[in-house]
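Notes follow the structure.
Since this is a predicted model, take the numbers as computed values, not measurements. Basis for what follows: all heavy atoms, side chains included, without hydrogens, waters or symmetry-related copies.
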Amino acid sequence: MTGRHDDTPHTGSAHHPALFGIALDPLTMDETVRRCLEAVRRGEQIEIGMVNAAKLVNMRRDPQLAAAVSGCDLVLADGQAVVWAGRVLGVRLPERVAGIDLFMRLLAAAEQADIPVYLLGARQQVLDLMLRRISEQFPALRVAGSRNGYFDDSEQGAVADAVAASGARMLFLGMTSPKKEIFTASFGKRTGADVVHGVGGSFDILAGVTKRAPHLWQRIGLEWFYRALQEPRRLGRRYLTTNTAFLLMTARELLRRTPSAGPSRGTGSANRSH
């Protein structure tokens with residue numbers, strides 16, 4: 001399997017239903033883990049894109065981010081709001097595949113199968129804390145290398161080469177969006193890793209710097225609110241803005257897909273256009 005980064009937009013098919021024009025992979029967590037391990041066994045690359053409400057909004061505003069995510073081999077619903085929007089709009093997504101949960105599942109699988117991993121991202125202090133905690137939780141895990149996420153764009157090639165030289169088969173990017181998506185799109189293949197997974201703020205959570213929302217908050221789709229309570233100045237306004245925009249996007253899409261109640265001209269029923 002090779003990366004989907006090309007000039008062809010991926011707008012959905014029978015196997016990849018589209019939500020807001022983005023083709024998603026309707027996979028469960030178990031299916032996703034199996035796909036990743038199969039890629040490692042075959043020596044084929046899978047680049048994973050994760051979308052939540054905020055990212056789908058930002059993809060509308062940032063064509064480079066949209067192209068980077070759409071070009072991934074697997075595009076998964078990281079946010080519960082995405083799963084709910086899919087249900088409203090008739091797009092079947094079996095469950096949320098949270099980036100941090102997939103990260104933990106793949107670390108456990110890598111430990112069991114002796115698959116070397118590379119951890120790229122976060123501040124050095126956070127990275128060191130996370131590495132210490134990972135070594136406690138997964139003592140047999142083979143960490144082929146690690147690096148903090150603070151580097152200039154001009155250094156991206158050298159960073160990718162360092163990952164390739166380490167022999168890592170799985171690469172986890174603990175960087176913010178859109179930096180991790182753009183790095184994956186531009187240099188994912190060059191890293192030589194079979195699985196490239198952008199895990200966002202997961203490094204901070206594993207390091208104990210940021211607390212993850214309790215399971216109940218996650219299940220009812222309020223994980224974003226829990227995070228905003230921890231960092232109200234930095235995240236409060238951002239989440240309020242993007243969540244409102246996502247609700248409006250969903251409402252507009254629902255109206256667009258709903259047949260007009262009035263008489264139509266010609267044959268067939270007309271859809272609302274916006």
Practice prompt. Assess whether atom CD of Q64 is packed by more than 12 heavy atoms of other residues, nucleotides or ligands within 6.0 Å.
Written response: no

Discussion item. Within the 4.5 Å heavy-atom criterion, are L65 and I182 side-chain neighbours or not?
Written reply: no

Practice prompt. Answer yes or no: is there an ion pair linking R256 with E253, defined by an N-O contact shorter than 4.0 Å?
Written response: yes

Discussion item. With a 6.0 Å cut-off (strictly less than), is the heavy-atom count around CZ of R123, excluding the residue itself, greater than 12?
Written reply: no

Discussion item. Could you check whether any side-chain heavy atom of L106 comes within less than 4.5 Å of a side-chain heavy atom of C36, counting everything from C-beta outward?
Written reply: yes

Worksheet item: Is any side-chain N of the basic residue among R34 and E38 closer than 4.0 Å to the acidic one's carboxylate O?
Response: no

Discussion item. Run L229 and K211 through side-chain contact (heavy atoms from CB on, under 4.5 Å) and show every step you take.
Written reply: CA-CA 11 Å; L229 290 176; K211 290 184 179 179; over 6 Å; no

Practice prompt. Find out whether F20 and L89 are in side-chain contact, i.e. whether some heavy atom of one side chain is under 4.5 Å from a heavy atom of the other.
Written response: yes

Discussion item. Can you list, by chain and residue number, the hydrophobic cluster partners of L173 when the side-chain cut-off is 4.5 Å?
Written reply: Y118, L120, F151, V159, V163, L171, M175, F183, F187, V196

Fill in: pair D101-R212: side-chain heavy atoms closer than 4.5 Å
yes

Discussion item. Give me the atom names and distance for the closest heavy-atom approach of A85 to T250.
Written reply: CB-OG1, 4.0 Å

Worksheet item: Is it true that a side-chain atom of R169 and a backbone atom of V40 form a donor plus acceptor pair closer than 3.5 Å?
Response: yes

Item to complete: Might you work through the side-chain contact (heavy atoms from CB on, under 4.5 Å) test for L19 and V51, ending with a clear yes or no?
Response: CA-CA 11 Å; L19 189 64; V51 293; over 6 Å; no

Discussion item. If the test is side chain to side chain contact (heavy atoms under 4.5 Å, CB included), which one of V97, I100, D30 qualifies with R105?
Written reply: D30

Fill in: Considering all heavy atoms, the nearest G167-P116 contact
O-CG, 3.4 Å

Discussion item. Other residues, nucleotides and ligands only: do more than 12 of their heavy atoms fall within 6.0 Å of CD on Q112?
Written reply: no

Worksheet item: Can you find a pair of side-chain heavy atoms, one from P178 and one from D62, that are under 4.5 Å apart?
Response: yes

Practice prompt. Please report the shortest heavy-atom distance between S146 and L131, naming the atom on each side.
Written response: OG-CD1, 3.5 Å

Worksheet, complete the sentence: When every non-hydrogen atom of L141 is compared with those of A110, the smallest separation belongs to CD1-CB, 3.8 Å

Worksheet item: So do M29 and E95 actually touch side chain to side chain, heavy atoms under 4.5 Å?
Response: yes

Item to complete: Given side-chain contact (heavy atoms from CB on, under 4.5 Å), test L206 with M104 step by step and report yes or no.
Response: CA-CA 10 Å; L206 264 64; M104 299 301 289; 3.7 Å; yes

Worksheet entry | 4.5 Å side-chain heavy-atom contact, E223 and Q80 | no

Practice prompt. Would you check, one step at a time, whether the test side-chain contact (heavy atoms from CB on, under 4.5 Å) holds for S177 with K55?
Written response: CA-CA 8 Å; S177 182; K55 191 177 294 183; 3.9 Å; yes

Discussion item. A side-chain contact here means heavy atoms from C-beta on lying under 4.5 Å apart; do T184 and E181 qualify?
Written reply: no

Discussion item. Classify the ring geometry of F172 against H197: parallel below 30°, tilted from 30° to 60°, perpendicular beyond 60°.
Written reply: perpendicular

Discussion item. If we check side chain to side chain contact (heavy atoms under 4.5 Å, CB included) with V69, which of these qualifies: L56, I48, V75?
Written reply: V75

Discussion item. Is it the case that atom CD in Q125 sees more than 12 heavy atoms from other parts of the structure closer than 6.0 Å?
Written reply: no

